[in-house]
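The analysis underlying the following values was restricted to heavy atoms, covering all of them including side chains, and did not include hydrogens, waters or symmetry mates. Whatever order the structure lists ligands and atoms in, that order sets their numbers, starting from 1. The shown structure was predicted, so the numbers you read here are calculated from the model rather than taken from an experiment.
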Amino acid sequence: MTDFKKIDNMQINENVFRLIGKDWMLITAGNLNSYNMMTASWGGMGVLWNKQIAICFIRPQRYTYEFVEKNDLFTISFFEETHRPILSYLGTESGRTVNKMRTEGLTPLSSENNSVYFKEAKLVLECRKLYFDDINADNFLNAGIDKLYPIKDYHRMYFGEIITCLEKNS
Ligand SMILES: Cc1cc2nc3c(=O)[nH]c(=O)nc-3n(C[C@H](O)[C@H](O)[C@H](O)COP(=O)(O)O)c2cc1C
């Protein structure tokens, strides 16, 4: 028996602001042989180009950035509160210095499309990259935003079509 069932995106029964901004998410790219993941709390879900999409914002120095660049797919995994310490760890350590593939408490699984998600997740979105762009400081309309970039490491935004949505079986 599998741990997850595929659901239609329309059946996602969560508040996106809480899910991303408060609970946080894990962005993962690569395949079971080589992948990396990082915690993120900035992003979104919505509708664009008649597709249901998720958006991630990844600073260029992240190791995960290299994996998202190299791969057509990325996954977004959401967890119960019990996994907060693991998300904190994956949001402070870099895969450049620790092997995140050996993270205790996380069991990697491969999707039908060979992307990686985690058995412990409660909800997983598998996304196919559609578009990227880099934040352009010339376009800030609020002076406070640039203060979030003291070293001018402007995020790259990735817009991904949500091609699979997996929910943990209850
Ligand atoms: C709660 C939280 C939210 C974060 N959100 C983001 C984000 O949206 N974008 C980003 O580039 N980094 C974000 N980070 C920082 C990365 O997770 C962190 O730099 C991580 O160590 C990168 O790992 P990597 O080098 O293995 O990719 C966040 C960290 C935490 C703890």
Side-chain angles (χ1 to χ4, degrees), residues 12 14-46 48 53-111 114-137 139-140 142 144-162:
I12 298 173
E14 302 262 6
N15 179 297
V16 172
F17 301 108
R18 185 176 313 114
L19 207 54
I20 297 175
K22 300 281 180 229
D23 297 351
W24 309 340
M25 58 189 178
L26 210 51
I27 304 171
T28 307
N31 55 52
L32 276 188
N33 293 323
S34 174
Y35 64 89
N36 197 67
M37 64 286 203
M38 61 167 245
T39 303
S41 63
W42 289 358
M45 287 184 214
L48 189 63
I53 59 149
I55 314 170
C56 296
F57 296 80
I58 305 182
R59 295 193 198 243
Q61 67 270 41
R62 310 297 188 225
Y63 192 43
T64 305
Y65 176 99
E66 294 179 20
F67 286 77
V68 175
E69 278 293 296
K70 274 191 288 201
N71 288 277
D72 294 334
L73 304 181
F74 62 88
T75 65
I76 297 178
S77 303
F78 298 96
F79 297 84
E80 299 289 358
E81 183 60 30
T82 46
H83 282 71
R84 176 90 55 191
I86 294 178
L87 294 184
S88 293
Y89 167 76
L90 294 169
T92 44
E93 296 292 335
S94 175
R96 286 204 184 83
T97 51
V98 300
N99 184 351
K100 290 188 172 178
M101 294 198 289
R102 297 229 184 105
T103 302
E104 212 172 302
L106 283 186
T107 313
L109 298 172
S110 186
S111 79
N114 297 321
S115 60
V116 176
Y117 63 105
F118 298 96
K119 186 178 177 201
E120 293 77 11
K122 63 173 181 180
L123 180 70
V124 178
L125 307 178
E126 183 180 45
C127 303
R128 186 182 301 285
K129 287 190 297 180
L130 287 175
Y131 178 78
F132 72 89
D133 207 346
D134 297 320
I135 297 279
N136 179 351
N139 296 342
F140 288 143
N142 174 308
I145 302 175
D146 206 32
K147 293 199 173 69
L148 297 166
Y149 298 94
I151 59 167
K152 307 213 176 301
D153 53 343
Y154 300 107
H155 291 92
R156 178 159 286 190
M157 307 175 262
Y158 294 95
F159 293 60
E161 179 179 6
I162 304 171

Proximity flag R96 to ligand 1, non-hydrogen atoms under 4.0 Å: no

Main-chain N/O of M37 paired to K100 side chain as donor or acceptor, under 3.5 Å: yes

Main-chain N/O of M101 paired with N99 side-chain donor or acceptor, under 3.5 Å: yes

L87, any N or O under 3.5 Å of ligand 1 N or O: no

Identity and separation of the nearest protein heavy atom to atom 9 (N) of ligand 1: F57 O, 2.7 Å

Under 4.0 Å to a heavy atom of I58 - the qualifying atoms of ligand 1, by number: 11 (O)

Atom 10 (C) of ligand 1 [closest protein heavy-atom partner, distance rounded to 0.1 Å]: M38 CE, 3.3 Å

Contact (N/O only, under 3.5 Å) between T39 and ligand 1: yes

Minimum-distance pair of heavy atoms, taken over all atoms of L26 and L106: CD2-CD1, 3.9 Å

Option nearest atom 5 (N) of ligand 1 (shortest heavy-atom distance, choices S41, G95, S94): S41

Close-contact set for ligand 1 against L90 heavy atoms, below 4.0 Å: 17 (O), 20 (C), 21 (O)

H155 contact mode with ligand 1 (heavy-atom cut-off under 4.0 Å): side chain

Ligand 1 N/O within reach of N36 N/O, cut-off under 3.5 Å: yes

Criterion side chain to side chain contact (heavy atoms under 4.5 Å, CB included) on I55 and L48, from CA distance to verdict: CA-CA 11 Å; I55 314 170; L48 189 63; over 6 Å; no

Atom indices of ligand 1, in the order listed, that fall short of 4.0 Å to a heavy atom of R59: 11 (O)

Protein residue, atom and distance nearest to atom 23 (O) of ligand 1, heavy-atom basis: K100 NZ, 3.0 Å

Protein heavy atom at shortest distance from atom 1 (C) of ligand 1: W24 CE2, 3.2 Å

Atom 21 (O) of ligand 1 - nearest protein heavy atom and its distance: E93 O, 2.6 Å

Student check: side-chain heavy atoms of Y154 and D134 closer than 4.5 Å: no

Distance filter under 4.0 Å to Y63 heavy atoms, resulting ligand 1 atoms: 24 (P), 25 (O), 26 (O), 27 (O)

Aromatic plane relationship, F57 with H155 - under 30° parallel, 30 to 60° tilted, over 60° perpendicular: perpendicular

Donor-acceptor pair, side chain of K129 and main chain of V68, under 3.5 angstrom: yes

Protein contact of atom 31 (C) of ligand 1 - nearest heavy atom, named by residue and atom, plus distance: G91 O, 3.8 Å

Shortest non-hydrogen separation from F74 to A29 and the atoms involved: CB-CB, 4.3 Å

pair D23-F78: side-chain heavy atoms closer than 4.5 Å: no

Ring geometry between Y65 and Y158 (parallel below 30°, tilted from 30 to 60°, perpendicular above 60°): perpendicular

Donor-acceptor contact present, side-chain S77 to main-chain Y117, <3.5 Å: no

N/O separation below 3.5 Å, R62 to ligand 1: yes

For atom 27 (O) of ligand 1, the protein heavy atom that lies nearest, with its residue and separation: T64 OG1, 2.6 Å

